[in-house]
Amino acid sequence: MKRLRLIIPALFGFSLVVQAALICDLDTLSEGHVETNASGEVVQWLDQSGYGHNAADASMVGTMKYPSESLSRAGLSGVDMGSDRNGFRLFTATEQDAWLDFAGLASTNTGFAVFVAFKADGVEPGIKPLFANHGNVSTANSFGMRVNAAEKFEVFLGGALYKKSGGEALAPGDTVVLGFNYDAATGAFEFWDSKNQSSLAGTISASNFSSVQDLYLGTSANAGQYLDGMIAEVLVYDTVLSAAEFA
């Protein structure tokens, strides 16, 4: 079990310690975590979990820059995704199997959890994936968190799309954390966003959610889907979090 102090709460000015099996930790708080060339273009975003899931290992789409000129609400910079299609291939299809294929390699896991901290610089019409392994949400082998064309938060899992239709929409300048927690034993999940400080709950039986496509950060396999903004941190756990840890 790894005991880690997360930087996500620093975006909002509070402190938190979480205990769980962390398999990917991308953050921009500490110097040296993001490697760039002389032009400030990101070459590698280094995973701090010890599992080597560096962003850019599976190549990139477009060009990301660091540090971002756009700052979070707490004054922190992140990786600038630009205003058109730029993103990281974070997990290959094979790498996803270990934590998303509950009919195979992940069958003995208790579940999984994902957090993404980002800032929206623009909200142009269209789908804005934050963390997605398929461009088509109706595909059974799929998982992702995104913002829809109406600027509302939604998650897809196992071919089903769950939308947070109520609450406030994403607006330019918003700093937001999205969190998803899945319990493989019960099929219960919780999808939370800091914009509305509210959760959407549902149930879907454990299955193979690992896609044949790469899992992207900031875009998807669909070239028309991308985020205009910056990403500050990504956390992936290959176990369900307790209610206290997730809260």
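Not measured: the values here are computed from a predicted model.
Taking the side-chain hydrogen bond (donor to acceptor under 3.5 Å, both in side chains) definition, one finds that N208 meets it with nothing, sequence neighbours left out. Here E95 pairs with nothing under the salt bridge (charged side-chain N to carboxylate O under 4.0 Å, His left out) rule; sequence neighbours left out. A search for side-chain hydrogen bond (donor to acceptor under 3.5 Å, both in side chains) contacts involving D57 returns Q44, not counting sequence neighbours. Partners of Y66 under the ring-ring contact (aromatic ring centres under 6.0 Å, His included) rule, at least two apart in sequence or in another chain, do not exist in this structure. Evaluation of the side-chain hydrogen bond (donor to acceptor under 3.5 Å, both in side chains) rule for D228 yields no partner, not counting sequence neighbours. Taking R85 as the reference, nothing meets the salt bridge (charged side-chain N to carboxylate O under 4.0 Å, His left out) condition, with sequence neighbours excluded. Remark: H53 engages F91 in a ring-ring contact (aromatic ring centres under 6.0 Å, His included) (not counting sequence neighbours). For S83, there are no side-chain hydrogen bond (donor to acceptor under 3.5 Å, both in side chains) partners, not counting sequence neighbours. Every residue was checked against the ring-ring contact (aromatic ring centres under 6.0 Å, His included) condition with F191, not counting sequence neighbours, and none meets it.
S77 and S68 form no side-chain donor-acceptor contact under 3.5 Å, judged by distance and modelled atom types alone. For the residue pair D47 and S49, a side-chain donor N or O sits within less than 3.5 Å of a side-chain acceptor on the partner. S210 and D97 share a donor-acceptor pair across their side chains, judged by distance under 3.5 Å alone.
In terms of heavy-atom proximity, L100 sits nearest to L215 at CD1-CD1, 4.4 Å. Among all heavy-atom pairs drawn from A206 and F102, the shortest one is CB-CB, 3.9 Å. For the pair I231 and W45, the tightest heavy-atom approach, listed with the atom from each and the gap, is O-CH2, 3.6 Å. For the residue pair W192 and S199, the shortest heavy atom distance occurs at CD1-OG, 3.4 Å.
Between L76 and T28 there is no side-chain heavy-atom pair separated by less than 4.5 Å. With contacts defined as side-chain heavy-atom distances shorter than 4.5 Å, the pair L22/L235 qualifies.
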Show the atom names and distances, to 0.1 Å, of all donor-acceptor pairs under 3.5 Å that link a side chain in residues 124-134 to residues at least two apart or in another chain.
{"unit_1": "K128", "atom_1": "NZ", "unit_2": "E124", "atom_2": "O", "d": "3.0"}
{"unit_1": "K128", "atom_1": "NZ", "unit_2": "G126", "atom_2": "O", "d": "2.6"}
{"unit_1": "K128", "atom_1": "NZ", "unit_2": "E151", "atom_2": "OE1", "d": "3.1"}
{"unit_1": "K128", "atom_1": "NZ", "unit_2": "E151", "atom_2": "OE2", "d": "3.4"}
{"unit_1": "N133", "atom_1": "OD1", "unit_2": "F143", "atom_2": "N", "d": "2.7"}
{"unit_1": "N133", "atom_1": "ND2", "unit_2": "Q96", "atom_2": "OE1", "d": "2.9"}
{"unit_1": "N133", "atom_1": "ND2", "unit_2": "F209", "atom_2": "O", "d": "3.0"}
{"unit_1": "H134", "atom_1": "ND1", "unit_2": "N136", "atom_2": "N", "d": "3.0"}
{"unit_1": "H134", "atom_1": "ND1", "unit_2": "N136", "atom_2": "O", "d": "3.4"}

Contacts table for residues 111-119: side-chain donor-acceptor under 3.5 angstrom, sequence neighbours left out:
{"unit_1": "K119", "atom_1": "NZ", "unit_2": "S70", "atom_2": "OG", "d": "3.1"}
{"unit_1": "K119", "atom_1": "NZ", "unit_2": "L71", "atom_2": "O", "d": "2.7"}

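L46 and L90 are not part of a single hydrophobic cluster, where members link through side-chain heavy atoms under 4.5 Å apart. Under a hydrophobic clustering in which Ile, Leu, Val, Met, Phe, Trp and Tyr are joined whenever their side-chain heavy atoms come within less than 4.5 Å, directly or via other members, L26 and V61 fall into different clusters. One hydrophobic cluster, built from ILVMFWY side chains closer than 4.5 Å, cannot hold both V240 and L105; they sit in different ones. Residues F156 and V176 do not share a hydrophobic cluster, clusters being chains of Ile/Leu/Val/Met/Phe/Trp/Tyr side chains in contact below 4.5 Å.
S242 places a side-chain N or O within donor-acceptor distance of the main-chain N or O of E245, the cut-off being under 3.5 Å. Formation of a donor-acceptor pair under 3.5 Å by the T219 side chain with backbone atoms of Y226 is not found in this model. When atom types are taken as modelled, the side chain of W99 and the backbone of N109 share no donor-acceptor pair closer than 3.5 angstrom. Without hydrogens or angle criteria, T175 side chain to R73 main chain gives a donor-acceptor distance under 3.5 Å. With hydrogens and angles ignored, the 3.5 Å screen pairs a side-chain donor or acceptor of T186 with a backbone N or O of A188. The backbone N or O of N222 lies less than 3.5 Å from no partner atom in the side chain of Q225, so there is not a single donor-acceptor pair. Looking at N86, its side chain does come within 3.5 Å of a backbone N or O of M81 through a donor-acceptor pair.
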Q | side-chain hydrogen bond (donor to acceptor under 3.5 Å, both in side chains) evaluation trace for T63 with E41 | A | CA-CA 7 Å; T63 302; E41 298 173 348; 4.9 Å; no

(Q) Could you go through D25 and Y51, starting from their C-alpha distance and side-chain angles, then the distance that decides it, and tell me whether this counts as side chain to side chain contact (heavy atoms under 4.5 Å, CB included)? (A) CA-CA 9 Å; D25 175 9; Y51 283 85; over 6 Å; no

**Q.** Test log, rule side chain to side chain contact (heavy atoms under 4.5 Å, CB included), inputs S72 and M230
**A.** CA-CA 9 Å; S72 75; M230 68 86 157; 4.0 Å; yes

Q) Going through the distances and angles, do S142 and V137 end up as a side chain to side chain contact (heavy atoms under 4.5 Å, CB included)? A) CA-CA 7 Å; S142 64; V137 300; 5.8 Å; no

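Salt-bridge formation is detected for the pair R89/D214: a Lys NZ or Arg NE/NH1/NH2 atom is positioned less than 4.0 Å from an Asp or Glu carboxylate oxygen.
Residue pairs meeting the salt bridge (charged side-chain N to carboxylate O under 4.0 Å, His left out) criterion with at least one partner in residues 171-199, sequence neighbours excluded, are K164-D193, E168-K195, D174-K195.
You'll find the ring centres of Y162 and F180 outside the 6.0 Å limit.
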